[in-house]
Asks: 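Structure provided below as structure tokens; questions to follow.
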Amino acid sequence: MSDFTHLIDLASARLGGEAVATNDDFFAPKENLLKPEPPIFIPDEYTDRGKWMDGWESRRRRTPGHDWCIVRLGLPGVIHSFVVDTAFFTGNYPSHCSIDGCGLPAGADPTAATVAWHPVL
């Protein structure tokens with residue numbers, strides 16, 4: 001990650017970034033996606049949701065489709081890179097991901113069916 005230290009983290013909670021919606025965060029909450037510190041692993045630690053995870057984790061999908069999370073950036077800007085860290089997810093990490101973006105006015109519902117999402121990655 002040292003290659004990105006000269007860039008501003010547009011999703012930083014310190015700047016107003018927030019995980020605002022997800023279809024599922026049964027095992028670990030979406031807010032973990034924006035933690036500024038590196039993930040940690042605590043063996044034999046459990047929560048009321050199951051094994052303690054320092055990331056976002058949904059239930060295993062048994063139907064077609066994909067899991068998603070909407071992150072509101074804290075600042076507008078030009079996106080130069082993404083960091084997708086699956087550290088410690090050794091048996092249940094996704095084989096791939098995609099990232100879409102949209103521009104919305106303040107207060108708009110990002111989950112509305114009328115929102116036009118555009119592929120970024």
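Atoms considered below: every heavy atom in the structure, side chains included; atoms not considered: hydrogens, waters and symmetry mates. Count residues from 1 along the sequence.
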Asks: Could you grab the distance from atom OG of S12 to atom CG of L75, nearest 0.5 Å is fine?
Replies: 8.5 Å
Asks: Holding to ring pair (Phe, Tyr, Trp, His ring centres under 6.0 Å), I want the full list of residues that pass it with F88, two or more places apart in sequence or in another chain.
Replies: F41
Asks: Got a sec, which residues hit side chain to side chain donor-acceptor pair (under 3.5 Å) with T111, two or more places apart in sequence or on another chain?
Replies: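 With neighbours one apart ignored, the set is D109.
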Asks: So, for K51 and E45, which heavy atoms are closest and what is the spacing to 0.1 Å?
Replies: NZ-O, 3.5 Å
Asks: For D100, check salt bridge (charged side-chain N to carboxylate O under 4.0 Å, His left out) against everything at least two apart and list the hits.
Replies: none
Asks: So which pairs with a foot in residues 27-38 pass salt bridge (charged side-chain N to carboxylate O under 4.0 Å, His left out), sequence neighbours left out?
Replies: K35-D54
Asks: Suppose clustering is done on Ile, Leu, Val, Met, Phe, Trp and Tyr with side-chain heavy atoms closer than 4.5 Å. Which residues sit in the same group as I70?
Replies: V20, W68, L104, V115, W117
Asks: Quick one: side chain to side chain contact (heavy atoms under 4.5 Å, CB included) partners of S81, sequence neighbours excluded?
Replies: F4, L7
Asks: Between CG of L73 and CD1 of I8, what distance do you get to the nearest 0.5 Å?
Replies: 12.0 Å
Asks: Step by step, would you call V71 with L34 a side-chain contact (heavy atoms from CB on, under 4.5 Å)?
Replies: CA-CA 9 Å; V71 173; L34 302 181; 3.9 Å; yes
Asks: Could you note down all residue pairs passing ring pair (Phe, Tyr, Trp, His ring centres under 6.0 Å) where residues 43-66 supplies at least one of them, sequence neighbours left out?
Replies: none
Asks: Residues sharing V78's hydrophobic cluster, by side-chain heavy-atom contacts under 4.5 Å among ILVMFWY, directly or via others?
Replies: none
Asks: When rounded to the nearest 0.5 angstrom, what is the spacing between CG in N23 and SG in C69?
Replies: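 Spacing of CG (N23) from SG (C69) equals 9.0 Å.
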Asks: With sequence neighbours left out, what residues match D67 under salt bridge (charged side-chain N to carboxylate O under 4.0 Å, His left out)?
Replies: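 Scan of D67 (salt bridge (charged side-chain N to carboxylate O under 4.0 Å, His left out), adjacent residues dropped) gives R61.
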Asks: Apply side chain to side chain contact (heavy atoms under 4.5 Å, CB included) to A28 and list each qualifying residue two or more places apart in sequence or on a separate chain.
Replies: N32, M53, E57
Asks: With sequence neighbours left out, write down each residue that passes side chain to side chain contact (heavy atoms under 4.5 Å, CB included) with F26, or none if nothing qualifies.
Replies: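 Counting only residues at least two positions away or on another chain, F26 forms a side chain to side chain contact (heavy atoms under 4.5 Å, CB included) with D24, R59.
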Asks: List in chain and number order the residues that pass salt bridge (charged side-chain N to carboxylate O under 4.0 Å, His left out) with R72, two or more places apart in sequence or in another chain; answer none if no residue qualifies.
Replies: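 With neighbours one apart ignored, the set is E18.
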Asks: Closer than 3.5 angstrom, by distance alone: can the side chain of R14 be matched with the main-chain N or O of G74 as a donor-acceptor pair?
Replies: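 No; zero donor-acceptor contacts below 3.5 Å.
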Asks: Roughly how far, to the nearest 0.5 Å, is CZ of F82 from CG of L121?
Replies: 6.0 Å
Asks: Can you see which heavy atom on A116 is nearest to which on C102, and at what distance?
Replies: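 Nearest pair, atom of A116 first, then C102: O-CB, 3.4 Å.
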Asks: Do P39 and D85 come close enough that some side-chain heavy atom pair is under 4.5 Å?
Replies: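 Yes. Closest side-chain heavy atoms under 4.5 Å.
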